[in-house]
Amino acid sequence: MLDRELTEQLLDRGYSRRGLGRIAALIGGGTAISSILGSAASAQSQAARGVAGAVQIGANECWSGPFPIAAQAASEIIAKGNRYDPADERGKLIRTVAAVERMPEDRVATWPGSGDPLVRSVITFCSPKKGLVTADPTFESVWRAASWLEAPVSKVPLAPGAGTSTRAMLAANPDAGLYYICSPNNPTGTVTPLAEIDWLVANKPADSVVLIDEAYLHFSESPSAAHLAATRNDVIVMRTFSKLFGMAGMRLGLTFAAPDLHKRMMRYDGFQVTGTLPMTAVACGNASYTQADLITARRNEMIAVRETTIAQLKARGLTVHPNSQANMFMVDWKTRQAKDVQAALLAQKVQIGRSWPIWPTVSRVTVGSASEMNTFVTAVATVV
């Protein structure tokens, strides 16, 4: 998979021959990644598999499917399924996104989900000589990819209810290859202010890259960092249709970045994966992206349900970490291990999210529908 020129570049960056084999193994999508990276990745994948008959509030999925107008667009294109790309559908999506985001079209790239570009970012910008820096807790795929490739990983602990301190990130590794910020953060839902991100971009090493994962941005009213990706050559902003747009099972994601950064990310497999997209997902995403009123209404519905649920939990004496701006929140069970509470709730047919090693008594809970969250609160009263 790796041509001679690319192999030589990777060796110069500090990868061993074994490391080259691991890179080739990682370029293949989420299923391969889960099998390669071990039990932790498999547990993460399991969280997204619904348990029959259970309330599914464990994988940060949307409680509802695609907007009706988007589902209709996906349905209509099925009849054209004999064509790889019937009428430049991928191009239409790129033009739509570029117009909404005020982004040059050549800085928009499409992906089959967000897992692949996350791993590619680690491969492309980290190495045994150039480490990764993230918050802790955060979305772990980048940790596991970096560890698998034997790149140093630095984790900056979060305070409950706080966003990422980018000054602490830079102090943790002043010469990292990649600084990864998930904002709103998964699992905490907390936002890293744009001023913090601007500071890191201005003060980091010139040859490093800042990746801002905005998978949950549409659930928040916070501003995007997309303008940085539109104007700079060292910033990537990532989006997904898996969350507010209700398309987790359809696998569609985006990155905004300078063409050269995208070129570097895509060279490992001949630039194929970005164009290998199901047309149903492309049509659905294209129809979704301009629905500003529907996006606002879905966001507001989630916020109302989230705040009601948190108030009910607090009324029962439970501790909920503050300041979530996403479709999730963190519950601290204090005297009980989160994995034990998760198992007890599953016995009540309520499937909540996992915990992170830094906070072993804290569970991530996804915000579902109003009725689902009522079932969750009732089950909590039984279990705790």
Side-chain angles (χ1 to χ4, degrees), residues 30 33-34 37-63 115 135-141 143-144 155 157-158 160-161 182 184-190 215-216 219 242-243 248-249 302 305-324 326-384:
I33 291 168
S34 292
L37 299 186
S39 58
S42 297
Q44 180 179 318
S45 297
Q46 179 62 46
R49 298 185 188 121
V51 174
V55 169
Q56 297 174 24
I57 51 172
N60 291 350
E61 300 155 320
C62 189
W63 64 93
D136 185 12
T138 196
F139 190 56
E140 313 100 318
S141 290
W143 296 349
R144 289 193 288 267
K155 303 175 185 179
L158 289 180
C182 188
N185 185 47
N186 179 10
T188 64
T190 52
Y216 301 93
F219 281 121
S242 295
K243 306 306 175 183
M302 185 282 297
V305 173
R306 183 188 68 204
E307 296 309 304
T308 296
T309 304
I310 290 173
Q312 291 173 329
L313 294 172
K314 287 182 175 179
R316 295 181 180 276
L318 292 168
T319 298
V320 179
H321 288 187
N323 299 328
S324 173
N327 65 327
M328 70 195 94
F329 54 86
M330 306 295 282
V331 183
D332 192 343
W333 311 108
K334 297 294 186 182
T335 60
R336 298 184 65 177
Q337 293 290 301
K339 61 182 178 60
D340 296 333
V341 177
Q342 182 186 39
L345 286 171
L346 188 57
Q348 299 289 319
K349 292 293 186 178
V350 175
Q351 185 180 11
I352 68 167
R354 61 192 186 278
S355 61
W356 275 249
I358 191 173
W359 294 335
T361 64
V362 181
S363 297
R364 186 192 68 191
V365 179
T366 301
V367 179
S369 67
S371 62
E372 288 173 333
M373 300 315 288
N374 284 335
T375 301
F376 161 68
V377 171
T378 300
V380 167
T382 301
V383 165
V384 178

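Excluded from the calculations below are hydrogen atoms, water molecules and symmetry mates; all remaining heavy atoms, backbone and side chain alike, are included. These numbers were taken from a predicted model, which means no experiment stands behind them.
Checked against side-chain contact (heavy atoms from CB on, under 4.5 Å), D136 has the following partners two or more places apart in sequence or in another chain: W143, K155, I358.
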**OP:** Give the C-alpha distance, both sets of side-chain angles, the deciding distance and a yes or no for side-chain contact (heavy atoms from CB on, under 4.5 Å) between L158 and H321.
**Re:** CA-CA 12 Å; L158 289 180; H321 288 187; over 6 Å; no
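Looking at every heavy atom in both residues, G58 comes nearest to R364 through O-NH2, 2.7 Å. S324 approaches T188 most closely through the heavy-atom pair CB-O, 3.7 Å.
At least one donor-acceptor pair under 3.5 Å links the side chain of Q351 to the backbone N or O of V51.
W333 is listed as a side-chain neighbour of V384, based on a closest heavy-atom distance under 4.5 Å. At least one side-chain heavy atom of E140 sits less than 4.5 Å from a side-chain heavy atom of R354. Side-chain contact check for N186 versus M328: some heavy-atom pair is nearer than 4.5 Å. Counting heavy atoms from C-beta outward, N60 and K243 have side chains that approach closer than 4.5 Å. Looking at heavy atoms from C-beta onward, P187 lies in side-chain contact with N185 at the 4.5 angstrom threshold. Two residues are said to be in side-chain contact when any heavy atoms from C-beta on lie closer than 4.5 Å; W63 and M373 fail this criterion. No side-chain heavy atom of T361 sits under 4.5 Å from any side-chain heavy atom of T335. Within the 4.5 Å cutoff, the side chain of W356 has no heavy atoms near those of the T138 side chain.
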Run the side-chain donor-acceptor check on residues 308-319: report pairs under 3.5 Å with partners two or more places apart or on a different chain.
| from | atom 1 | to | atom 2 | distance (Å) |
| --- | --- | --- | --- | --- |
| T308 | OG1 | A304 | O | 3.0 |
| T309 | OG1 | V305 | O | 2.8 |

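Atom CD of Q348 and atom OG1 of T375 lie 11.0 Å apart (nearest 0.5 Å). In this structure, Y216 OH and M302 CE are separated by 11.5 Å, a value rounded to the nearest 0.5 Å.
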